[in-house]
There are 2 protein chains.
Amino acid sequence: MASPPPKQTMKERILETADKLFYMQGIRAIGVDTIAAKIGISKRTLYNHFPSKDALIAAYLERRFVQPRASDKPPAEQILATFDSLERRFASKDFRGCPFVNAVAELGPEDRSVRKIAIAFKESRRAWFRDLLRELGVADAEGLATQLVLLVDGSIAQDLVRDDPAMARAARQAAIVLLAHAGVNIDKSIPDKPREAAKIRQPDAS
Amino acid sequence: MASPPPKQTMKERILETADKLFYMQGIRAIGVDTIAAKIGISKRTLYNHFPSKDALIAAYLERRFVQPRASDKPPAEQILATFDSLERRFASKDFRGCPFVNAVAELGPEDRSVRKIAIAFKESRRAWFRDLLRELGVADAEGLATQLVLLVDGSIAQDLVRDDPAMARAARQAAIVLLAHAGVNIDKSIPDKPREAAKIRQPDAS
DNA sequence: GACTAGTTACACAGGTCTGTGTAATCAAAA
DNA sequence: TTTTGATTACACAGACCTGTGTAACTAGTC
């Protein structure tokens, strides 16, 4: 259990484990004892690095907040790649929705610190779309960016309950229509992937 | 505190209170003692009507599962009215996201009974859209219905963290584009409400 | 009045949780 | 070697949770 080459700082080891457990099982569902036990350290050590569970939660969310790295691919391609990436993540068994939305749903919008970072994350995603749309010369880049994040979050929420990667494909198709309507020329070199028409999975009968 | 005309059944009184508390503060955050205390009954009585908290949770979600009532308004109008209704609900301080998505996020997709009813709800909403689209003669009613529910759930998730009714307007505008692209004639009698172009609220600086 | 069904107050078992206090241990730096 | 800092084991306080057991009480109904 104890990883032989612990060449990370203790703080990072704690955060890494907390991340896995918080994300996969829920923040309220995981106690600090569980985290410490999983790493093989004492609870005292954990509390030496984080003054409280709340601080650990905040650090967990901050660590999840990574800016999308810049790319030299054409903007339209980057936008559509977002949905392909989503589809891949939906197919993974380790995907369990958006950690920020989940945290707000679990802890409540009254938790100011949690909500604040969730808002910052959502806004950064929207700004990323918006800047790409501006590059494409879209008139109402703000508005269209908002519509695109709706598709992203909508597919994530749907996948969380349905566990169906087709939600990402449906979002991608809708995005294409919205982009085209805004005058964006979807490069034909980006294959529209004539997959079978986004068949969605029927609810499990069992 | 004790409502003088308790002309509801005890079970309904319990469910009504549980609904308010579960929805507004979270299922895990509310204990059965809290619910009983709020009604002014003993915990024993509560357990006489529901064998366990899990049963109460299931009943809470089932009570939230109401089918959209049939309407004689034109289908396109009904579809767009969905987003207007969302906008109104977003503006209310009592709105706190989709109870089904929240429950799955809080309890985890591993909770089969919770997830099952959440799937049923989501699918019923999608089927409602789909049937209206069929009435409108839309070719790929299935696919478009899926895209519309993405917009609905996306705006709900975004509003949950941002608390911004503009998300519903953005979803509505996207829906109009998608419908038009599918050949649906948006009746001009449905005013497109030339409101100011869906300005979204900037993240709170405080 | 007598019977019945629902309800109440209240204690309690057994579990979980966050966070702290303490003294011993270990390892590396001085 | 001595000192210093991090870590450990472990107990514990105080709170909260779900669920049960029990005896008394209060309505209505027969």
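Note that this is a predicted model, so its numbers are computed, not measured. Note on naming: letters A, B, ... go to the chains in the order of the sequence lines (proteins, then strands), and numbering restarts at 1 for each one.
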At their closest point, which heavy atom of B/Leu151 faces which heavy atom of B/Leu178, and how far apart are they? CD1-CD1, 3.9 Å

Is A/Asn102 close to A/Leu160 at the side-chain level, that is, under 4.5 Å between some pair of heavy atoms? yes

Quick one: does NZ or CZ of A/Lys11 land under 6.0 Å from the six-membered ring centre of A/Phe50, within 45 degrees of the ring axis? yes

Answer whether the closest heavy-atom distance between the side chains of B/Asp94 and B/Tyr23 falls below 4.5 Å. no

Is the count of non-hydrogen atoms from other residues, nucleotides or ligands lying under 6.0 Å from A/His181 atom NE2 greater than 12? no

How close or far is atom C1' of D/dC25 from atom CD1 of B/Ile41, stated in whole angstroms? 17 Å

In whole Å, what is the span from the CZ atom of B/Arg44 to the P atom of D/dC25? 18 Å

Quick test of your reading of the model: are B/Glu12 and B/Arg63 salt-bridged, counting only N-O distances below 4.0 Å? yes

Give the C-alpha distance, both sets of side-chain angles, the deciding distance and a yes or no for side-chain contact (heavy atoms from CB on, under 4.5 Å) between B/Ile27 and B/Leu21. CA-CA 8 Å; B/Ile27 294 171; B/Leu21 295 174; over 6 Å; no

Considering heavy-atom distances to DNA chain C, does A/Asp33 or B/Lys43 have its closest nucleotide positioned more toward the 5' end? B/Lys43

Electrostatic pair A/Lys122-A/Asp153, nearest N-O below 4.0 angstrom: yes

In residues 46-55 of chain B, which residues come under 4.0 Å of DNA chain C by heavy atom? B/Asn48, B/His49

Taking only side-chain nitrogens and oxygens of A/Thr45, does any of them come within less than 4.0 Å of OP1 or OP2 of D/dA6? no

Looking at A/Arg130 and A/Glu142, is there a salt bridge between them, counting it only when a charged N and a carboxylate O are closer than 4.0 Å? yes

Is A/Glu87 paired with A/Arg169 through a side-chain N to carboxylate O contact shorter than 4.0 Å? yes

To the nearest angstrom, how far is B/Met10 atom CE from D/dG28 atom P? 15 Å

Taking only Lys NZ, Arg NE, NH1 and NH2, and the carboxylate oxygens of Asp or Glu, determine whether A/Glu123 and A/Arg126 approach each other closer than 4.0 Å. yes

Reading DNA chain C 5' to 3', which nucleotide is the first, and which the last, to come under 4.0 Å of any heavy atom in chain A? C/dT18 to C/dT22

Counting only non-hydrogen atoms, which of residues 18-27 of chain B are less than 4.0 Å from DNA chain C? none

